[in-house]
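Note sheet for the following structure.
Just so it is clear: chains get the letters A, B, ... in the order the sequence lines come, proteins before strands, and each one is counted from 1.
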Amino acid sequence: MSLENIAPPTAAPAPSDFIRDLVAQHVAAEHYPKIHTRFPPEPNGYLHIGHAKSICLNFGIAHEFGGVCNLRMDDTNPTKEDIEYVESITTDVNWLLAGWADHCLGLTPAQAPFYASNYFDQLYEFAVALIKKGKAFVCDLSAVDMETYRGAPDRPGKDSPFRNRSVEENLDLFTRMKNGEFPDGTRTLRAKIDMASSNVWLRDPILYRIRHTEHHQTGAQWCIYPMYDFAHCLSDYIEGITHSICTLEFEVHRPLYDWILLSLDLPRPLPHQYEFARLSLGYTVMSKRKLMQLVDEKLVTGWDDPRLPTISGLRRRGVTAEALRNFAYHIGITKYNGVTDVAVLEHAIREDLNKRALRRLAVLRPLKIVITNYPEGKTEELDAVNNPEDEVAGKRWIPFSRELYIERDDFQEVPPPKFFRLKPGGEVRLKYAYIIKCDEVVTDAAGNPIELRCTADLDSKSGGTTAGRKVKGTIHWVSAAHAVDAEVRLYDRLFTVAEPDTEGDFKVHLNPHSLEIVTTKCEPSLRDAKLETRYQFERIGYFTMDKDSQLSTNNPQLIFNRTITLKDTWAKALQK
RNA sequence: UGUCCGAUGGUGUAAUGGUAACACAGCGCCCUUUGGAGGCGUUAUUCAUGGUUCGAAUCCAUGUCGGACAGCCA
């Protein structure tokens, strides 16, 4: 075979979408010296998987086109913001970028994120410039009057009586606003555009408001704060952003974004805004307000509750950054507002974990069995592969003895058709060990099985003469004497319906069984479990150790979170 | 009854005037010391009506449906 016929290694195809297509055109046309994007969260809550989509888009573009993406705190409203959030945002962004796009992360020379509040001085000067150009004025209308004057989408507004103040008076009033001479809500700085515009955002929008509130970054330095529309386009401009990418609801703001930059007569190139559809995911809620409500009302344990779609929650649950990035890649970028099936997320998580998780045996709901033909007091160490998907992961040994635990679900006294686990008189293979046969069922007073007495085919373990014997089922187990106990937190969907926030109170759809805690019997090697390591409890699901685990005490307590179950085609068959 | 935006299998996306494709979900089979993973197969799609064109998911017109916008929030 000639060299040319050998297929090149298949690289993951570069994502393509309407925004990347545009960027590619701009690159080809040498429109900008360098592509510069930004991710600009307001530090008023924790980041969620919808932000992850945006992060992957903005940093992905920087990555693919040799550009930079700034992390910027859009902190123009001190009443809603907190330093706790800037810290969590920084952590989450770094976590999502690690090993992928760290080199694209734009930070200040001090290695800190950018802050819109860093630009308060410049922003103030821009406002003054706008006043001098006769394009902004100080308005004394109250909030209620302002609303009346604004009109409605299908009805024009009318000019403020303060619209035609002289430049000198506006300058004087704005300076005095800044100096703290007026109480909150008494005056605003407004752009002078068009009160009859069909776009409500062009009806003399407010640029600055008075707020005698301390800011988490600038302290008591300011008592006037810029509005989003004024601060955002100019922050983009100051940072040299080329592509300012945001979600669809800002589409109607774009004319204002452009108006401010154009009115200031700034040197080109100017940044441009592009919009894409935000993520909505089935069986969860995504708005910061609703997430905040769940946290505040203690319906979850905190922002990093593993049931939440927050980045910190997903991370604690055991989802890796790579899985999240793959998910973002698979859902694409469009302007269509759809609801993504959680199955897509779940698939991305399983696909990732299958490759990396160390296999372990653990029994969630134990049922004791005794191998009557196995000597009392004997212990064997059996060979078990750590990960059939990854030879490098190696092997470990697991102890086998006369008394074991198996999963309660793996035994049925009166089995349904096609049940090929353990049943009276039936045979099953114990994973990595022997084929056993159930001879006797010991029950309690109520008739529930409490112990199974079995015999093993002692030649059937790996390497034995009957090792190749086919039995239909293989089940997991742990040696009773060697098992270590662990608390296992089984998470399920937070809501019982696919779209909990379409109407009414979303909280009525909360799933009462979204968390179940069980004490499990684990194979002894799990005593050395690590926080960063992902595990698959064979035939059950993927698990990761929770930070609540107590490891340093002389009575260590292991806690595992179930990231996600394995696909269970048997459970599905049973439902039919 | 304003302005802007959108509509492709069940779901999310691709096709940029030239064979409607991919992933997830579903279904079936094979394989399996995980009812996992994997392999193979399969079901199902261009909102409607007109127009332009040799040819339309793509361009045009009209309509329908859906979303966003009337915070001194972002």
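- Nucleotides C24(B) and C54(B) have their P atoms positioned 42 Å apart, rounded to a whole Å.
- The phosphate of G67(B) (OP1 or OP2) has no side-chain N or O of R278(A) nearer than 4.0 angstrom.
- Comparing C73(B) with G67(B), their P atoms are spaced 27 Å from each other, to the whole Å.
- Comparing A14(B) with U58(B), their C1' atoms sit 13 Å apart, to the nearest whole Å.
- Counting non-hydrogen atoms under 4.0 angstrom, Y434(A) reaches nothing in the nucleic acid.
- Of the C1' atoms belonging to C22(B) and U33(B), the separation is 35 Å, rounded to the nearest Å.
- The N354(A) side chain lies nearest to A37(B) when the options are A74(B), A14(B), A37(B).
- With P as the reference atom, U8(B) and A70(B) are 26 Å apart, rounded to whole Å.
- Defined by atom type and a distance below 3.5 Å, a donor-acceptor pair is present between the side-chain atoms of D236(A) and Y257(A).
- Distance E407(A) CD to G36(B) P: 16 Å, rounded to the nearest Å.
- Taking 4.0 angstrom as the limit, R209(A) places a side-chain polar atom (N or O) nearer than this to OP1 or OP2 of A74(B).
- Between H347(A) and C24(B) there is a side-chain N or O to OP1 or OP2 distance below 4.0 Å.
- The side chain of K472(A) places no N or O atom within less than 4.0 Å of a non-bridging phosphate oxygen (OP1 or OP2) of U33(B).
- Among the nucleotides A68(B), G6(B), A37(B), the one closest to the side chain of K335(A) is G6(B).
- A salt bridge links E275(A) to R254(A): at least one charged side-chain nitrogen sits closer than 4.0 Å to a carboxylate oxygen.
- Applying the 4.0 Å criterion to OP1 and OP2 of C73(B), one finds that R289(A) has every side-chain N and O outside that range.
- Base-pair partner of A7(B): U64(B) (Watson-Crick or G-U wobble, both distances under 3.5 Å).
- The aromatic ring of Y228(A) does not stack onto the base of A74(B), failing the criterion of a centre distance under 5.5 Å from the six-membered base ring together with planes under 30° apart.
- Residue T569(A) has a polar side-chain atom (N or O) positioned under 4.0 Å from OP1 or OP2 of G36(B).
- I331(A) comes within 4.0 angstrom of sugar-phosphate atoms only, judged by non-hydrogen atoms across all strands, and of no base.
- In the model, Q536(A) has no side-chain atom that pairs as donor or acceptor with a side-chain atom of E538(A) under 3.5 Å.
- Side-chain contact annotation: S525(A) with E523(A), donor-acceptor N/O pair under 3.5 Å present.
- Applying the 90° criterion around 0 to the glycosidic angle, G71(B) comes out syn.
- With a 3.5 Å ceiling on both atom-pair distances, the Watson-Crick or G-U wobble partner of G12(B) is C22(B).
- With a cut-off of 3.5 Å on both Watson-Crick or G-U wobble distances, the partner of A57(B) is given as none.
- Here the nucleotide nearest the side chain of A143(A), chosen from A68(B), C72(B), C73(B), is C72(B).
- Across all strands, Y336(A) comes closer than 4.0 Å only to sugar-phosphate atoms, never to a base (heavy-atom distances).
- Look at R539(A) and you'll find a side-chain N or O under 4.0 angstrom from OP1 or OP2 of G35(B).
- Backbone-only engagement by R150(A) is indicated by non-hydrogen atom pairs under 4.0 Å involving sugar-phosphate atoms exclusively.
- Residue A343(A) is in sugar-phosphate contact alone, with no base atom involved, counting any heavy-atom pair closer than 4.0 Å across all strands shown.
- The interatomic distance linking D410(A) (CG) with G36(B) (P) rounds to 14 Å, in whole Å.
- If you find the closest nucleotide of RNA chain B to D568(A) and to I333(A), the one lying nearer the 5' end belongs to I333(A).
- Under 4.0 Å is where a charged nitrogen must lie from a carboxylate oxygen, and between E42(A) and K80(A) no such pair does.
- T533(A) contributes no side-chain N or O that, together with a main-chain N or O of T544(A), makes up a donor-acceptor pair within less than 3.5 Å.
- With contacts defined as side-chain heavy-atom distances shorter than 4.5 Å, the pair H51(A)/I89(A) does not qualify.
- For C72(B), the OP1/OP2 oxygens have no side-chain nitrogen or oxygen of S142(A) closer than 4.0 Å.
- The pair R187(A)-E181(A) does not meet the salt-bridge criterion, since no charged nitrogen lies less than 4.0 angstrom from a carboxylate oxygen.
- Searching all strands for a Watson-Crick or G-U wobble partner of G28(B) with both distances below 3.5 Å returns C40(B).
- Here the side chain of K567(A) is nearest to one of G35(B), G36(B), G2(B), namely G36(B).
- Interface remark: the H253(A) side chain does form a donor-acceptor pair with the A74(B) base, using a distance-only criterion of under 3.5 Å.
- Between the C1' atoms of G39(B) and C31(B), the separation comes to 8 Å (whole Å).
- For U11(B), the OP1/OP2 oxygens have no side-chain nitrogen or oxygen of T340(A) closer than 4.0 Å.
- Side-chain proximity of K80(A) to the nucleotides C69(B), C73(B), U11(B) is greatest for C73(B).
- Nucleotide G2(B) is matched to C69(B) when pairs are restricted to Watson-Crick or G-U wobble geometry with both distances under 3.5 angstrom.
- Within 4.0 Å (heavy atoms only), V339(A) reaches sugar-phosphate atoms of the nucleic acid but no base atom.
- Side-chain proximity of E538(A) to the nucleotides U34(B), C72(B), G10(B) is greatest for U34(B).
- For E427(A) and R469(A), the salt-bridge test passes: some basic side-chain N is under 4.0 Å from an acidic carboxylate O.
- Spacing of C1' atoms, C40(B) relative to C4(B), comes out at 48 Å, to the nearest Å.
- With C69(B), G36(B), C73(B) as the candidates, the nucleotide lying closest to the side chain of M227(A) is C73(B).
- Note on S197(A): nothing from the nucleic acid sits closer than 4.0 angstrom, heavy atoms only.
- Counting non-hydrogen atoms under 4.0 angstrom, F420(A) reaches a base of the nucleic acid.
- Residue-to-nucleotide contacts include a donor-acceptor pair under 3.5 Å from the side chain of R421(A) to the base of G35(B).
- As judged by a 4.0 angstrom heavy-atom cut-off over every strand, P388(A) is placed among the base-contacting residues.
- When the C1' atom is compared between A25(B) and U43(B), the two are found 12 Å apart, to the nearest whole Å.
- In this structure, the nucleotide among A74(B), G6(B), A70(B) sitting nearest to the side chain of P153(A) is A70(B).
- Residue K470(A) places at least one side-chain N or O closer than 4.0 Å to OP1 or OP2 of U33(B).
- In the set U33(B), G36(B), G2(B), the nucleotide with an atom closest to the side chain of K431(A) is U33(B).
- Using modelled atom types and a 3.5 Å distance limit, the side chains of H232(A) and R38(A) yield a donor-acceptor pair.
- Using a 4.0 Å heavy-atom criterion, one finds that K461(A) contacts the bases of the nucleic acid, with or without backbone contacts as well.
- The 5' end of RNA chain B is approached more closely, in terms of each residue's nearest nucleotide, by Q536(A) than by the other of Q536(A) and D75(A).
- With A14(B), A74(B), U33(B) as the choices, the nucleotide that has an atom nearest any side-chain atom of D17(A) turns out to be A14(B).
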